[in-house]
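The next block holds one structure in the form of structure tokens; read it before the comments.
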Number of protein chains: 2
Amino acid sequence: MARKPPTKPRKHASQERSRATVDALIEATARILVKEGFDKASTNRIAEVAGVSVGSLYQYYPGKEALVAAVIDRHNQDIMRVVRSALAEVASQPIEKAVRRIVAVAIEAHRIDPRLHRVLAEQIPRTGRLANLEAFNRETYALFRAYLESHSDELRMTDLGLATFVCVTTIEALAHTAVLHNAQKLSDEAVKTLVDEATRLVVGYLK
Amino acid sequence: MARKPPTKPRKHASQERSRATVDALIEATARILVKEGFDKASTNRIAEVAGVSVGSLYQYYPGKEALVAAVIDRHNQDIMRVVRSALAEVASQPIEKAVRRIVAVAIEAHRIDPRLHRVLAEQIPRTGRLANLEAFNRETYALFRAYLESHSDELRMTDLGLATFVCVTTIEALAHTAVLHNAQKLSDEAVKTLVDEATRLVVGYLK
DNA sequence: AGGTAATGCGAGCTATCGCTCGTATTATAT
DNA sequence: ATATAATACGAGCGATAGCTCGCATTACCT
């Protein structure tokens, strides 16, 4: 199988100057990924775009995979912020209303910088996906499952783990596919119908 | 954005000797993808593993992307053979029975050489996915939609295009995720429950 | 002010990649 | 048997990648 290059930062930048450098590197990586594609994201090019030398780059990151991982991380945090707050806000609502909101948020989340999201979705498998995406998924699973548990009286199933798997996978796939592969399906009107459909699908399954 | 390298074969091999060469190249590409990862699949390495010279490789393919595309093609044809026959066999059955079978087949299809499937799923975006995966999806969509049309009296929705999108996306995502990310969920028993759940999900949505 | 640590620099080494091209080998046709 | 086309070979070229290292610059401390 494939090897796994290191993705951890090297030196933890302490002064402010260096933090600016690190930011510039991550930002440059994101820009290149979006505007030039993964293959052009060489360490030399990243450093150039960031207005920083390769040497400095290697002081903070062991290679380009680590930079990409950092970008993924930042993006995931943006997404998780939205997801977390939505699931908190919805905790005490009945299933129908809650699911509808969750579906809407899933679509919203995929629309955070969708061009970056697309490139990352394509490239995540090639990077240290373990820590990043897996952690992201675990948290989503945990949050959703917690919701189901606290509303188990409204449900008809016993295996909440399985139910979580089915719901999260379904919602994520619908949002993902709609946003990334069917850009035209995204007039506000179309989003509304999609939310309706997905909600019916999931709610019908749950109760 | 990124450019798109050519993926069409060059010379159409006519003699038998050359067809053997082409086969060896494709087979070697698949083996390397599975056992060493996408990054190691250089043209030099592919030729080496195939027991063929680089020169010969470039007589038939313009580059490694084309080889990968060929592997994808072969794999997709394997899958589509299964999917097509299942959808034909199911054409006259009622929704419940048909969906159950389709879900089972989706899982089966994902279990055709799953290690190869995984690498391809990861790498398809980087290749000429247009012709390959898009064509595959179009056919799946068309086949499934045809089924829905001929059973529209059992359904309660009007927009069959949307329904197809929802069903195909959902079934594919559940099968894909279960097979690729949750290998342990795949005891025969677990597959059975998963099929049950997915069937309930989709059938409940359709009628 | 002077000293030390942190940060930044970038020419350039090595490795590897994609790919070509002149040549050798094998098949087919007559 | 000879000619012609098809196929195979692989050394090696130019490009580019990842990465290091010795040196320059800037910040911090007392």
Side-chain angles (χ1 to χ4, degrees), chain A residues 2-29 32-33 36-71 123 126-128, chain B residues 2-29 32-33 36-71 123 126-128:
Chain A
R3 75 289 82 105
K4 204 172 23 176
T7 55
K8 308 271 183 210
R10 278 182 158 160
K11 194 74 186 174
H12 179 58
S14 56
Q15 298 187 5
E16 174 152 5
R17 182 168 54 131
S18 53
R19 227 168 293 131
T21 301
V22 169
D23 281 1
L25 285 170
I26 296 181
E27 186 55 35
T29 305
I32 293 172
L33 285 179
E36 306 180 36
F38 184 82
D39 296 338
K40 304 275 168 143
S42 69
T43 50
N44 286 324
R45 187 86 228 285
I46 292 172
E48 180 190 334
V49 171
V52 154
S53 83
V54 234
S56 297
L57 185 156
Y58 279 99
Q59 286 203 338
Y60 299 107
Y61 293 97
K64 76 180 231 177
E65 315 271 357
L67 261 317
V68 175
V71 172
Q123 298 306 338
R126 293 167 51 80
T127 318
Chain B
R3 79 280 81 104
K4 203 173 23 171
T7 55
K8 309 271 183 206
R10 279 183 158 161
K11 194 71 186 175
H12 179 58
S14 57
Q15 298 186 4
E16 173 153 3
R17 182 166 56 130
S18 52
R19 228 166 292 131
T21 301
V22 170
D23 282 359
L25 285 170
I26 296 181
E27 186 56 33
T29 306
I32 293 172
L33 285 178
E36 306 180 38
F38 184 82
D39 296 340
K40 305 275 168 145
S42 68
T43 50
N44 287 323
R45 180 103 184 95
I46 291 172
E48 181 191 335
V49 171
V52 153
S53 83
V54 235
S56 298
L57 186 156
Y58 279 99
Q59 285 202 342
Y60 299 106
Y61 293 97
K64 78 180 229 175
E65 315 271 358
L67 260 317
V68 176
V71 172
Q123 298 305 337
R126 294 166 51 80
T127 318

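Note that the structure is predicted; figures quoted are calculated from it, not measured. Chain identifiers are assigned alphabetically (A, B, ...) following the order of the sequence lines, protein sequences preceding nucleic acid strands; residue numbering begins at 1 within each chain.
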In terms of heavy-atom contacts, A24(A) and A50(A) come closest through O-CB, 3.5 Å
Smallest heavy-atom separation, L67(B) atom then L57(B) atom, equals CD2-CD2, 3.9 Å
What's the [atom1]-[atom2] distance between [X] and [N], to the nearest Å?
X: L57(A); N: dC21(D); atom1: CG; atom2: P; value: 16 Å
X: E48(B); N: dA8(D); atom1: CD; atom2: P; value: 18 Å
X: E65(A); N: dG18(D); atom1: CD; atom2: C1'; value: 11 Å
X: L67(B); N: dC17(C); atom1: CG; atom2: P; value: 15 Å
X: K40(B); N: dA15(C); atom1: NZ; atom2: C1'; value: 13 Å
X: F38(B); N: dT16(C); atom1: CZ; atom2: C1'; value: 16 Å
X: K64(A); N: dT16(D); atom1: NZ; atom2: C1'; value: 12 Å
X: R45(B); N: dC19(C); atom1: CZ; atom2: C1'; value: 19 Å

TODO: Kindly determine whether Y60(A) and R19(A) satisfy side-chain contact (heavy atoms from CB on, under 4.5 Å), including the steps that lead there.
DONE: CA-CA 10 Å; Y60(A) 299 107; R19(A) 227 168 293 131; over 6 Å; no
Nucleotide by nucleotide, nucleotides 22-30 of chain C touches protein heavy atoms under 4.0 Å in the pattern (B base, S sugar-phosphate only, - none) ----SS---
For A41(B), all residues meeting side chain to side chain contact (heavy atoms under 4.5 Å, CB included), sequence neighbours excluded: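 By the side chain to side chain contact (heavy atoms under 4.5 Å, CB included) rule, A41(B) matches I32(B), L33(B), I46(B).
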### Task
Apply side chain to side chain contact (heavy atoms under 4.5 Å, CB included) to D23(B) and list each qualifying residue two or more places apart in sequence or on a separate chain.
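In terms of side chain to side chain contact (heavy atoms under 4.5 Å, CB included), with neighbours along the sequence ignored, D23(B) is linked to no residue.
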With the side chain of S18(A) defined as its heavy atoms from C-beta on, choose the nearest nucleotide among dT7(C), dA8(D), dC19(D).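 So the nucleotide nearest the side chain must be dT7(C).
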### Query
After noting the C-alpha distance and the side-chain angles of F38(A) and V68(A), does the key distance pass the side-chain contact (heavy atoms from CB on, under 4.5 Å) rule?
CA-CA 9 Å; F38(A) 184 82; V68(A) 175; 4.1 Å; yes
Once side chain to side chain donor-acceptor pair (under 3.5 Å) is applied, do any residues pair with E27(B), and if so which ones, sequence neighbours excluded?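 Scan of E27(B) (side chain to side chain donor-acceptor pair (under 3.5 Å), adjacent residues dropped) gives R74(B).
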Notebook entry, point to check: Partners of R45(A) by side chain to side chain donor-acceptor pair (under 3.5 Å), sequence neighbours excluded?
Noted result: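 Residues passing side chain to side chain donor-acceptor pair (under 3.5 Å) with R45(A): E36(A).
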Output for pair (E48(B) CD, S42(B) OG), nearest 0.5 Å, gives 8.5 Å
Considering only nitrogen or oxygen atoms on both sides, find all protein atoms under 3.5 Å from nucleotides 10-13 of chain C and state each distance.
residue, atom, partner, partner atom, Å
dG10(C), N7, S53(A), OG, 3.3
dG10(C), N7, G55(A), N, 3.4
dG10(C), O6, G55(A), N, 3.3

query = OP1 or OP2 of dG18(C) sitting under 4.0 Å from any side-chain N/O of T43(B)?
reply =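 T43(B) to dG18(C) OP1/OP2: side-chain N or O found under 4.0 Å.
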Checklist entry - Reckon Y58(A) has a side-chain N or O less than 4.0 Å from the OP1 or OP2 of dG8(C)? => result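 It does not, given that no N or O in the side chain of Y58(A) lies less than 4.0 Å from OP1 or OP2 of dG8(C).
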